[in-house]
Asks: 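This structure is in C-alpha cells; I'll ask about it shortly.
Sequence positions, counted from 1, serve as the residue numbers for this chain. We count ligands from 1, going down the list as the structure has it; atoms in each ligand are counted the same way. All values derive from a computational prediction rather than experimental measurement.
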Amino acid sequence: MRKYVIMGVQGSGKSTQGAMLASGLDLVHISVGDIFRWHVQNHTKIGAQVRRIMAAGELVGDDLAEAVTAERLAQHDWNYGFVIDGFPRNRRQAEFFLESYDIDGVVHLDLPDSEVRRRVLARRLCSGCGIDYNLIAHRPKEEGICDVCGGTLVTREDDTEEALAVRLHDYHDKTDPVLELFARKEYVATVDARPGKEEVQEDIRTRLGLPAYKG
Ligand code: AMP
C-alpha cells in the first residue's frame with residue numbers, strides 16, 4: 001500500500017503529475033479541487049456552497065474540505081494506495097489527515113511565482129472531459145476544442161489575475177507551513193516543476209524510489 005500527497009502552488013502540475021504517478025502503479029488519484037469542480041458543474045448543494053469561494057480563489061472551509069476528502073477516501077477503492085492532490089492545504093487539514101492516514105511521501109512541486117502566473121493565465125480546461133490544456137506548452141490541435149472529446153475549452157473561473165493573487169498569498173501563508181511540518185517528518189521530496197511533464201515525473205519517481213514512468 002502506497003500513500004502519497006502532492007503539494008504545489010496552482011499551475012505547478014499537481015493534477016497532471018498525480019495522474020501520471022497513479023498510472024501504472026494501480027494507485028487511485030484523488031484531486032480535491034476536481035471533486036469541488038464536479039460539484040459546481042453538476043449544480044449540487046455543495047457546488048452551490050463553494051462556487052463563489054472557488055471563483056474568488058479562496059479556500060473552501062476546513063469542515064467541508066475535510067468532509068469531502070474523508071468521504072472520498074472512505075470509498076476504499078484504493079487497494080494499492082492513493083495519490084492525493086490539493087489536500088492538505090493548511091495546518092489544521094494536515095493534522096486531520098495525519099490522524100487518519102500514514103503517508104509514504106509528500107511530493108512538493110516547486111515553481112517560482114512568476115512561472116505560476118505565466119502558466120495559470122494560459123490554462124484552459126475541457127468543459128466535456130476535464131482535461132487540462134495550456135496555450136504555451138500543450139495547445140489543442142484546433143483552437144478552443146478538446147483533442148480527446150471535442151468539448152469546448154474554457155478558462156477556469158479561478159484562473160484570473162485577481163483570484164491568482166489570492167491563491168498565491170494563501171499558498172505561502174497557509175500551505176508553506178504544512179510543507180515545513182511534513183519536512184520535519186522527513187517525508188518531503190522537492191522536485192523542480194519547470195521541466196516538461198515526463199521529466200518531472202521521472203524525477204518524482206526517482207526520488208520516491210519507484211519504477212520508471214512508462215507513459
Ligand atoms: P485546485 O484545483 O487544487 O487548485 O483547487 C481549486 C479550488 O478548490 C481551490 O482554490 C479551493 O477553493 C478549493 N479547494 C481544493 N482543495 C481544497 C482544500 N484542501 N481546502 C480548501 N479548499 C480547497
Asks: Give yes if a backbone or side-chain nitrogen or oxygen of Met54 is under 3.5 Å from a nitrogen or oxygen of ligand 1, and no if not.
Replies: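 N/O-N/O distance below 3.5 Å does not exist for this pair.
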Asks: Side chain, backbone, both or neither: which part of Glu58 comes within less than 4.0 Å of ligand 1 when only heavy atoms are counted?
Replies: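 Under 4.0 Å from ligand 1, Glu58 contributes backbone atoms alone.
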Asks: Could you tell me whether Tyr101 atom OH has more than 12 heavy atoms of other residues or ligands within 6.0 Å of it?
Replies: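 Yes, because the 6.0 Å sphere around OH of Tyr101 holds more than 12 heavy atoms from other groups.
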Asks: Going by heavy atoms in the side chains, are Thr155 and Leu125 under 4.5 Å from each other?
Replies: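 No, every pair of side-chain atoms sits at 4.5 Å or beyond.
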Asks: With heavy atoms under 4.0 Å as the rule, classify the contact between Arg92 and ligand 1 as side chain, backbone, both or neither.
Replies: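 Neither; nothing of Arg92 gets under 4.0 Å from ligand 1.
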Asks: Do me a favour and list the nearest non-hydrogen protein atom to atom 23 (C) of ligand 1 with residue, atom name and distance?
Replies: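 Heavy-atom neighbour on the protein nearest atom 23 (C) of ligand 1: Phe36 CE1, 4.0 Å.
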Asks: Quick check: Gly86 and ligand 1, any N/O pair under 3.5 Å apart?
Replies: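 N/O-N/O distance under 3.5 Å: yes.
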Asks: Could you tell me whether the side chains of His138 and Asp132 share a donor-acceptor contact shorter than 3.5 Å?
Replies: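 Checked: His138/Asp132 side chains show no N/O donor-acceptor pair below 3.5 Å.
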Asks: Using a 6.0 Å cut-off, check whether atom NE2 of His172 has over 12 heavy atoms from anything other than its own residue.
Replies: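 Counting other residues, nucleotides and ligands, NE2 of His172 exceeds 12 neighbours.
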Asks: Just jot down the ligand 1 atoms closer than 4.0 angstrom to any heavy atom of Val32, in number order.
Replies: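 So the atoms of ligand 1 that pass are 16 (N).
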Asks: Any idea which atoms of ligand 1 are less than 4.0 Å away from a heavy-atom of Ala65?
Replies: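 Near Ala65, meaning under 4.0 Å from one of its heavy atoms, ligand 1 has 18 (C), 20 (N), 21 (C).
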Asks: Cut-off 3.5 Å, side chains only: do Gln201 and Gln17 have a donor facing an acceptor?
Replies: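 Indeed, the side chains of Gln201 and Gln17 share at least one donor-acceptor pair under 3.5 Å.
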Asks: Would you sort out whether Asp85 and Val107 count as a side-chain contact (heavy atoms from CB on, under 4.5 Å), showing the intermediate values?
Replies: CA-CA 10 Å; Asp85 81 64; Val107 176; over 6 Å; no
Asks: Looking only at protein heavy atoms, which one is nearest to atom 21 (C) of ligand 1, and how far off is it?
Replies: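 The closest one turns out to be Val60 O, 3.2 Å.
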Asks: Atom 20 (N) of ligand 1: which protein heavy atom is closest, and how many Å away?
Replies: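 For this ligand atom, the closest protein heavy atom is Gln93 NE2, 2.9 Å.
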Asks: For the residue pair Gly11 and Val120, what are the closest heavy atoms and their distance?
Replies: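 Heavy-atom minimum between the residues: CA-CG2, 3.8 Å.
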Asks: Whether the Asp26 and Asn79 side chains hold a donor-acceptor pair (N or O, under 3.5 Å, no angle test) is what I'd like checked.
Replies: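 No, no side-chain donor-acceptor pair sits under 3.5 Å.
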Asks: From the options Arg37, Arg52, Lys14, select the one whose nearest heavy atom is closest to atom 6 (C) of ligand 1.
Replies: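 Ranked by closest heavy atom to atom 6 (C) of ligand 1, first place is Arg37.
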Asks: Answer yes if the side chains of Gln41 and Arg37 hold a donor-acceptor pair under 3.5 Å, and no otherwise.
Replies: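 Distance-only check fails for Gln41 and Arg37.
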Asks: Nearest non-hydrogen contact with atom 3 (O) of ligand 1 belongs to which option: Arg89, His39, Gln10, Glu157?
Replies: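 That would be Arg89.
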Asks: Within ligand 1, which atoms have a heavy atom of Arg156 less than 4.0 Å away?
Replies: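 Those of ligand 1 that fall under 4.0 Å from Arg156 are 1 (P), 2 (O), 4 (O), 6 (C).
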Asks: Under 4.0 Å from a heavy atom of Arg167: give me the atoms of ligand 1 that qualify, with their elements.
Replies: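 Within the 4.0 Å cut-off of Arg167, ligand 1 contributes 10 (O).
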